[in-house]
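See below for the structure under consideration.
Lettering follows sequence order; numbering is per chain, from 1. In this text, all values refer to a predicted model and were calculated from it rather than measured experimentally.
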Number of protein chains: 2
Amino acid sequence: MPGIFDLQNFLPFRLSRLAHEVSQRMASTYSEKFDIDIPQWRVLATLSAKEPCTAQSVVSSTRTHKSTISRAVSSLTETGWIERAPSDEDGRERLLRLTTEGRRKFNELVPVVLAFEHSLYAAMDQESMQNLASGISALENVLEVGTNSAKSKKVVL
Amino acid sequence: MPGIFDLQNFLPFRLSRLAHEVSQRMASTYSEKFDIDIPQWRVLATLSAKEPCTAQSVVSSTRTHKSTISRAVSSLTETGWIERAPSDEDGRERLLRLTTEGRRKFNELVPVVLAFEHSLYAAMDQESMQNLASGISALENVLEVGTNSAKSKKVVL
DNA sequence: ATATTATGGTTGCAATCGAAACTATAAGTC
DNA sequence: GACTTATAGTTTCGATTGCAACCATAATAT
């Protein structure tokens with residue numbers, strides 16, 4: 001007699017559904033004002049913190065497929081939000097930087113997405129919010145996602 | 001002076017990355033043995049708990065797009081895992097059921113995915129695991145995802 | 001120096017997905 | 001009963017995605 005399986009309680013399913021819902025809603029908060037998609041957003045956010053930066057670096061810090069990042073970089077370059085410059089150290093690399101315009105737009109975008117994130121937290125009580133953050137961190141560690149400390153550890157050793 | 005934005009700490013990003021990673025790994029645990037994808041898996045899991053069941057019911061309980069479910073149902077019907085029967089009550093509906101073969105295969109599949117889920121939990125300490133579960137529940141409630149209680153509430157009123 | 005292997009990045013291709021249009025049936029309105 | 005609106009489900013189409021092949025450059029081995 002096989003036990004019953006409860007999809008509604010199954011972690012991978014719940015995570016996937018939740019992430020999808022959150023992404024959808026977040027995209028809708030800025031898609032009208034700013035014509036960018038999620039991969040583009042990830043490139044901008046990464047560059048905003050660490051500039052200049054290679055596409056490969058964006059790939060590893062966001063864990064997004066390199067072809068996706070490549071296309072996001074191309075389109076952002078076309079629209080003038082970022083610049084690609086050859087690297088002196090390594091001829092294969094291209095150093096990415098936000099343009100003045102790109103940084104200006106990004107600075108407009110940030111408050112919008114932060115407001116969205118805040119609206120999620122605000123609707124939860126403090127304790128649930130901290131539970132979520134710490135639970136996610138724990139799972140990130142298990143999967144060696146997140147801070148690339150895990151990967152670094154391997155590489156360094 | 002714009003403050004810096006930390007993508008690595010941004011909830012929507014972390015959730016999306018985590019869900020993607022979990023889905024990928026889970027799929028790899030069964031993709032070799034069983035030739036099904038995630039939408040198909042969701043249909044099977046839903047039917048296993050509530051049979052017979054309409055496609056619409058699978059859509060609302062999994063929050064997966066109806067065209068995706070329609071295609072999953074079609075392919076599962078072709079491979080003989082489920083059956084589609086006309087409904088007496090409503091000519092538009094088709095009642096879905098697992099076939100004997102489908103139920104047998106599903107019963108083989110369940111331990112594999114449960115083992116995967118268990119391996120995640122086993123690698124976390126008890127407290128983090130509960131934090132994660134309760135944090136996810138809280139966010140599900142905020143977004144009115146999960147138990148369709150929220151939707152029901154609206155409808156009932 | 002040359003051959004081999006590895007890496008950063010781009011692109012072609014096939015699969016997937018979701019929005020919207022469409023079919024068929026049901027429910028509500030006049 | 002005819003008309004309008006709503007719902008279940010399918011299909012077409014455009015956009016996005018990831019894999020794999022590819023190009024260019026760099027690092028390593030012989």
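- Atoms CG (L95(A)) and C1' (dT25(D)) sit 15 Å apart, rounded to a whole Å.
- E108(A) and K105(A) are not joined by a salt bridge, as no carboxylate oxygen comes within less than 4.0 angstrom of a charged side-chain nitrogen.
- Taking every side-chain heavy atom of P39(A) into account, dT17(D) is the closest of dG9(D), dT17(D), dA26(D).
- Scanning all heavy atoms of the two residues, the minimum distance from I38(A) to Y30(A) falls at CG1-OH, 4.0 Å.
- Near DNA chain D, defined here as any heavy-atom distance below 4.0 Å, the residues from residues 68-78 of chain A are T68(A), R71(A), listed numerically.
- For R84(B), the side-chain atoms get nearest to dT10(D) when compared with the rest of dT10(D), dT25(D), dG9(D).
- The span of DNA chain C lying next to chain B, judged by atoms under 4.0 Å from heavy atoms, is bounded 5' to 3' by dC17(C) to dA26(C).
- Within the 4.5 Å cutoff, side-chain heavy atoms of L139(B) are placed close to those of L15(B).
- Nearest-nucleotide assignment on DNA chain D puts the 5′-proximal partner with T54(B), out of S67(A) and T54(B).
- Side chains of L120(A) and L143(B) form a contact here, defined as non-hydrogen atoms less than 4.5 Å apart.
- Among the protein residues, S87(B) comes within range of no part of the nucleic acid, since none of its heavy atoms lies under 4.0 Å from any strand.
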Would you be so kind as to tabulate the donor-acceptor pairs closer than 3.5 Å made by side chains of residues 73-84 of chain A, with sequence neighbours excluded?
unit_1	atom_1	unit_2	atom_2	d
S74(A)	OG	S70(A)	O	3.1
S75(A)	OG	Q40(A)	NE2	2.6
S75(A)	OG	R71(A)	O	3.2
S75(A)	OG	A72(A)	O	3.0
T77(A)	OG1	V73(A)	O	2.7
T79(A)	OG1	S75(A)	O	3.1
T79(A)	OG1	L76(A)	O	3.2

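- The main-chain N or O of F10(B) is never found under 3.5 Å from a side-chain atom of E117(A) such that the two would form a donor-acceptor pair.
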Any N/O pairs under 3.5 Å between the protein and nucleotides 22-24 of chain D? List them or say none.
none

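- Side-chain contact check for R103(B) versus E51(B): some heavy-atom pair is nearer than 4.5 Å.
- In this structure, V59(A) is not a member of the same hydrophobic cluster as L95(A), with clusters built from ILVMFWY side-chain heavy atoms closer than 4.5 Å.
- Whole-Å rounding puts the D90(B) CG to dA6(D) C1' distance at 11 Å.
- At a threshold of 4.5 Å between non-hydrogen side-chain atoms, the residues R42(B) and V58(B) do not count as touching.
- In this structure, the side chains of T62(A) and I69(A) come closer than 4.5 Å at one or more pairs of heavy atoms.
- Atom CG of D88(A) and atom P of dT25(D) are 14 Å apart (whole Å).
- At whole-Å resolution of the value, NE2 in H65(B) and P in dT11(D) are 15 Å apart.
- For the pair R17(A) and Q8(A), the minimum side-chain heavy-atom distance is below 4.5 Å.
- Applying the ring pair (Phe, Tyr, Trp, His ring centres under 6.0 Å) test to residues at least two apart or on different chains, the pairs with a partner in residues 87-145 of chain B are W41(B)-F106(B).
- When atom types are taken as modelled, the side chain of S23(B) and the backbone of H20(B) share no donor-acceptor pair closer than 3.5 angstrom.
- Side-chain N/O atoms of S87(A) and D90(A) include no donor and acceptor closer than 3.5 Å.
- In the region residues 40-49 of chain B, proximity to DNA chain D at under 4.0 angstrom, judged on heavy atoms, holds for none of the residues.
- Regarding E93(A), its CD atom lies at a distance of 10 Å from the C1' atom of dA26(D), rounded to whole Å.
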